[in-house]
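Heads up, the thing below is written out as structure tokens.
The structure displayed is predicted, hence computed values, not measured ones. Each chain gets a letter, A, B and so on, in the order the sequences are listed, and its residues count up from 1. Quick note: numbers below take in every heavy atom, side chains included, and nothing from hydrogens, waters or symmetry partners.
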Amino acid sequence: MSDFIIYNTLSRKKEIFKPLNPGHVGMYVCGPTVYGEAHLGHSRPAITFDLLFRYLQHIGYKVRYIRNITDVGHLVNDADEGEDKITKKAKVEELEPMEIVQLYTNSYRRNMTQLNVLPPSIEPSASGHIIEQIAAVQKLIDSGFAYTVNGSVYFDVEKFASVHTYGKLSGRKIEDLYSNTRELDAQTEKRSSLDFAVWKNASTEHIMKWPSPWGEGFPGWHIECTAMSTKYLGETFDIHGGGLDLLFPHHEAEVAQGMACFGHDPVHYWMHNNLITINGQKMGKSLGNFITLDELFLGTHPLLEKAYSPITIRFFILQAHYRSPLDFSNEALQAAEKGLDRLLKAVDLLDKLQPADVSTIDVKGLTEKCYSAINDDLNTPVLIAHLFDGVKMINSANDGKASVNKEDLEALKKLYHDFTFDILGFKSEAATSGAANDEILGEVVDLLLNYRVEAKNNKDWATSDKIRNRLTELGFEIKDNKEGFSWELKK
RNA sequence: GGUCGGUUGGCCGAGUGGUUAGGCAACGGUCUGCAAAACCGUCUACGGCGGUUCGAAUCCGCCACCGACCUCCA
């Protein structure tokens, strides 16, 4: 089998993946800030790194996957100066900040389950790791790369840059950063406009705050990931993932903090998923152009022509490469829905296929193609294309225009089970004959269709068509075949 | 303005120095009582202009257009 290759943002190259400790992988991914419903944009990193998590396990690694919950810090937007995102929302809805956190954490987890995203090994929250963050801040002060002003602590970028390289992850040069920095008010505390807060003094009206050696305050945005990744994965770990929009300043700050604390890079492989766009623009909370996952699943957003199932969303996302932008549209979603249906039907068909004496299908070649696609930086669009090539073969075999022997049929079943369900994480959502969600409903439909068979045998096409048309109207798809019929419930 | 990335057929979306990506849609055919599903076939693109090359959508240069980020006041 070919090597597993991933694109490392740090080197801007594809690299062969080699874990720090043989057989084990430590992986950290930036999770959501829980101050609102999860939207389509949130699903991309979740699904991308779920795929990675699943695949690493498939090829035999024991993986510890950390995905954090950010529940302190972050402004709502520029207009809400000085207030933290969670605090702001709390005041609006007159709830305790931790109530907001709980509400949206629950809803995020529910959405992730719907998308068939596996729960990470550990899902730490920033508010649950204040002690670790204070310790990390202290370490930065001790190492001389952070300074204290009026109860806040700032990272000294200039000092850091005199010893290490600042900007190597995002490809920024410190001179450029200086020339591009806007003059902002109240930056007088900081020695340089490039410095960033690692601990922030809280005003009296600020609700979410904790005691610290520097007074009451709250941690800076970037320090939580440094503190929590270090705690659970160590000073150096294998993979850090997240959205491309976090590359700068967030991940750059993490690199700097790690270097400042430990004297070496904290992460071997940095991976960034691209963003979902809508009308060519980033879909994001701050832009207000987002569609929540619940709206997608229910079809309630005005831009949606219909509801799209969670697995359709998953398929839509995986049919594009994770490093490419992906544009939302009803047409694309509907194409995904139909494509997914075709794939899942063919997988279903595998169980009904009768083995032949000879094989006209090159299962081994197909398997190799699938592995080399996913090994090439998780190239799921190519992987899915190969799976569709196989779909054509499976359908042909079902039509008697191709054949597989027993051994190949078993291999084909394993291939599709592994890739479609275990690795890509798709699953069947529709009720079908034989596997109906509702047994009684299934029997009733069978009953009606058996009457239709009787009518057909009597050449009573009027009755026959009436039954089929009425069922079709209700959302059933009726297919006649030599054995009689089969049906499925379309949503 | 700076940095980085992108521009592919009706739509989505891969790929890449010479060979069919794939999905969806459309059209023709097979099958069917008629359908549906499936199968077979058709549809051959790579922003513009130059350059390198036997050959470029793929490499180089320029131009145009689009996008992301450019830092905390939290």
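Residues A/S359 and A/D408 bring a donor and an acceptor atom of their side chains to less than 3.5 Å of each other.
For the side-chain hydrogen bond (donor to acceptor under 3.5 Å, both in side chains) condition, the pairs that include at least one residue of residues 312-327 of chain A, sequence neighbours left out, are A/D50-A/R314, A/T277-A/D327, A/S309-A/T312, A/H321-A/D377, A/Y322-A/D377, A/R323-A/D377.
Rounded to whole Å, the separation between the P atoms of B/rA45 and B/rC11 comes to 14 Å.
No engagement by A/N274 is indicated, since no non-hydrogen atom pair under 4.0 Å with the nucleic acid exists. A/K479 comes within 4.0 angstrom of a nucleotide base, judged by non-hydrogen atoms across all strands.
Pairing analysis of RNA chain B (Watson-Crick: purine N1 to pyrimidine N3 plus N6-O4 or O6-N4; G-U wobble: N1-O2 and O6-N3; both under 3.5 Å) yields stems of 3 or more pairs at B:1-7 with B:64-70, B:10-12 with B:22-24, B:26-30 with B:38-42, B:47-51 with B:59-63.
Between A/K14 and A/D376, at least one side-chain nitrogen of the basic residue sits less than 4.0 Å from a carboxylate oxygen of the acidic one, meeting the salt-bridge criterion. Salt bridge present: A/K345 and A/D341 bring a charged side-chain N and a carboxylate O closer than 4.0 Å. Ionic pairing of A/K306 and A/E337 is present here: one or more N-O contacts between side-chain nitrogen and carboxylate oxygen are shorter than 4.0 angstrom.
Nearest to the side chain of A/S324, among B/rC24, B/rA14, B/rA21, sits B/rA14. Closest to the side chain of A/E477, from the set B/rG23, B/rA68, B/rA37, is B/rA37. The A/K338 side chain lies nearest to B/rC24 when the options are B/rC24, B/rU71, B/rA21. For A/K282, whose side chain is taken as the heavy atoms from C-beta onward, the closest listed nucleotide among B/rG23, B/rA68, B/rG15 is B/rA68.
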